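Below is one structure, written out as structure tokens; comments come after it.
Worth saying up front: this structure is predicted, and the values here are computed from it rather than measured. Numbers restart at 1 for each chain; the letters A, B, ... are given by sequence-line order, proteins then strands.
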Amino acid sequence: MAKIKIHLPDNSIREFDQEPTILEVALNIGARLAKDTVGAFINDEKEIQDFRQKLKDGSRIKIVTLNSIEGREVIRHSAAHVMAQAVQELWPDIKVTIGPVIDNGFYYDFDTPRPFTPDVLEKIEKQMQEVINRDLEIVREEWTSEKAIALFTKMGEKFKVEIIRDLNVPSVSLYRQGDWLDLCRGPHLQKTSQIKAFKILSIASAYWRGDEKRESLQRVYATAFESKPELERHLHNLEEAKKRDHRKLGKELGLIFFHPFSPGGAFFTGKGTIIFNQLQNYMRELYKEYGYQEVITPQLFDVEMYHCSGHYDNYRDNMYFTETDKGQHSFKPMNCPGHCLLYASDLHSYRELPIRFADFGRLHRAERSGTLHGLTRVRSLTQDDAHIFCTMLQLQSEIKSFMQFLTRVYETLGMNKYTVYLSTRPPKRLGSDDVWDKAEDALTEALKALNIPYTVNPGDGAFYGPKLDIMFTDALDRPWQLGTLQLDFNLPERFELKYIGDDNKEHRPVILHRAILGTLERFIGVFLEHTAGKLPTWLAPIQIQILNLTDRQKDYCEMLVKSFRANNIRVHFDDRVEKLGFKIREGQLQKIPYLVIVGEKEVETKTISVRLLGGEQKNALDLNQFINTLNSEIGGRLNKSPLAELKQEVSH
RNA sequence: GCCCAUGUGGCUUAGUGGUAGAGCACACCCUUGGUAAGGGUGAGAUCGUGAGUUCGAUUCUCACCAUGGGCUCCA
């Protein structure tokens, strides 16, 4: 009889008399490996398979062990089962539903007659530990769907019954640990004691199958890792995220404010507005370089325009309308229709294209009340929005230019980790395949030409065109969608936009919707969290705070203030009669990049002493030199203070 | 929008069926001090809004408003 051959990653081959399970292959390699085996990837597939799975002849496998990052998924799968078991041991009347693995952990949804309270979490956690300590073997069983339905019906687990019915397959897998069992596809660990580190995080409510008309369930969020240090690191990140929350920072640093009279409407204080304007000015500067013209378009439009653009039909739920004796109007939720009107106001030759309209117009979107969230989800917003009207032939160079523009901005801002997603044609779409081919090719070619790695999201494009989404990964590894570029064949059609080609005939231009920072409100929120509020000097509302030791240095300090102001540096003089330590503490908490400290020594030597946000000190600096250094830092929009590198010439 | 939780001086918060205490911030006074909080005094709150229960509500009930967490990720 022919042997079954299994291929390993190092290209070696193991032979078996009959189809082995993943675990048997591991055992064949070594006992220790077998002990830690939790599953495997088969034939480069993306999903981990259960170690109990039998392997066909010729399979190529990559074993996943308990201590690997890939193994987390299996640990979390089993931890979810342990949670469900613990809950049902504590409260037998609670019904289980589903418990999937998510990005940084897992959750389990329960149908309970009593909503969970925070103290319940502790109980569940304790009980889970007990289940784990029992060191239960996890066993996989194959049942016919019919038998499984009978079993779960008898147990009163109506959600499981519903799942099996909907699956509509002849047989299902059940996993048993001790006297508890659950319907599950797997994969799972060998035994419960392999869960070494877990933590229950929070409770929330959710609906069965995400449908608000169905049962409301209690969801318990938790996480599990292969080791205690890894879990600790994750918990630390969560803590850090809380500290960096832009709503908290925005309040502490006096940047933003919200009032119940305008939910989703951010107020920017004087300080916050400086950040906003600095970002806007930066984009404006680059617009000149990249050939954009900034335009201003109206806030309020006759609804007729939105019938024309299609927003009335497709976006009206998110729009604000106003009905007066002058007719029905709407606040613009997007700039594009206005830009189309502007474009159409004149006859254009192909020689003029591409035409790039940039617009910082304020937009209003009626986001659902439950989705509002600080600056990252607002109803009144501003984007670094622009629309490029161009020919199909110009697409590629425009996309290239956009990506170069974006890369430059992100790098300047110290946002070095981001991923580009290319979303291609959805099933329901507008325009011919020929046009889609060209558009998708243009996007792909531009990315390739610039050597930008990207991931394809097949079928995820807008109905009017394919798009690029730029996901920024912040300092705590959280992804945020900021920049975007969307091709649009629809609006040019609806607004009957045209240009005269070199054949003296009318042609349709293509529109590129694009933003680099995206929504400025949202961007500022994300950026505050990314930097933990330690803004680069060019963005800092107060760049220098002068601290005097005593009243006797006041005149000298006033002189410094004038010098800094004359150099366009944002300075504040803290002249309160307080101890130096007190003033320094406040300056540090306010995350002011430079604290200039002035005592008798400085006055006498006509120098300044500077304390950087990191705590480093530079004493006896020459004022003009310092201003020059600062100007180069601010003008160059540097992320790091050149002063930190500066060798100290004189010391006290 | 829906579910759950929360809402007490500017901020962070304690607390109670008999109308509230603290810390920070603020004002004034003392202190003029060299790298993350010096001391004292004082002012400041109809306890989110409205209604109900009660002799009496900030506290209990209901409604509303806002905020927070969650609502795609397939057993």
*Which part of the nucleic acid, if any, lies within contact of A/Phe261, taking any heavy atom under 4.0 Å across all strands shown: a base, the sugar-phosphate backbone alone, or nothing?*
nothing
*asked:* Any strand counts, and the cut-off is 3.5 Å on both contacts for Watson-Crick or G-U wobble. Which nucleotide pairs with B/A66?
replied: B/U6
*For atom CD of A/Glu578 and atom P of B/U31, their distance in whole Å*: 14 Å
*When you measure from the side chain of A/Arg244 to the backbone N and O of A/His530, does any donor-acceptor pair fall under 3.5 Å?*
yes
*Looking only at side-chain atoms of A/Arg185, point me to the closest of B/A36, B/U31, B/C74.*
B/C74
*Think A/Arg316 forms a cation-pi with A/Phe321, using NZ or CZ under 6.0 Å from the six-ring centre and within 45 degrees of its axis?*
yes
*Members of residues 549-557 of chain A that approach RNA chain B, where some heavy atom sits under 4.0 Å away*: A/Leu549, A/Thr550, A/Asp551, A/Arg552
*asked:* Suppose we call a contact any N or O donor and acceptor under 3.5 Å apart; does that hold for the side chain of A/Gln617 and the base of B/G34?
replied: no
*asked:* Taking pairing as Watson-Crick or G-U wobble with both contacts under 3.5 Å, can you name the mate of B/G42, or confirm there isn't one?
replied: B/C26
*Please give the nucleotide sitting opposite B/A57 as a Watson-Crick or G-U wobble pair, both distances under 3.5 Å, or none.*
none
_Only pairs with both distances under 3.5 Å count, Watson-Crick or wobble alike; so what is the partner of B/G21 in this structure?_
B/U13
*Quick one: list whatever passes salt bridge (charged side-chain N to carboxylate O under 4.0 Å, His left out) with A/Glu633, sequence neighbours left out.*
none
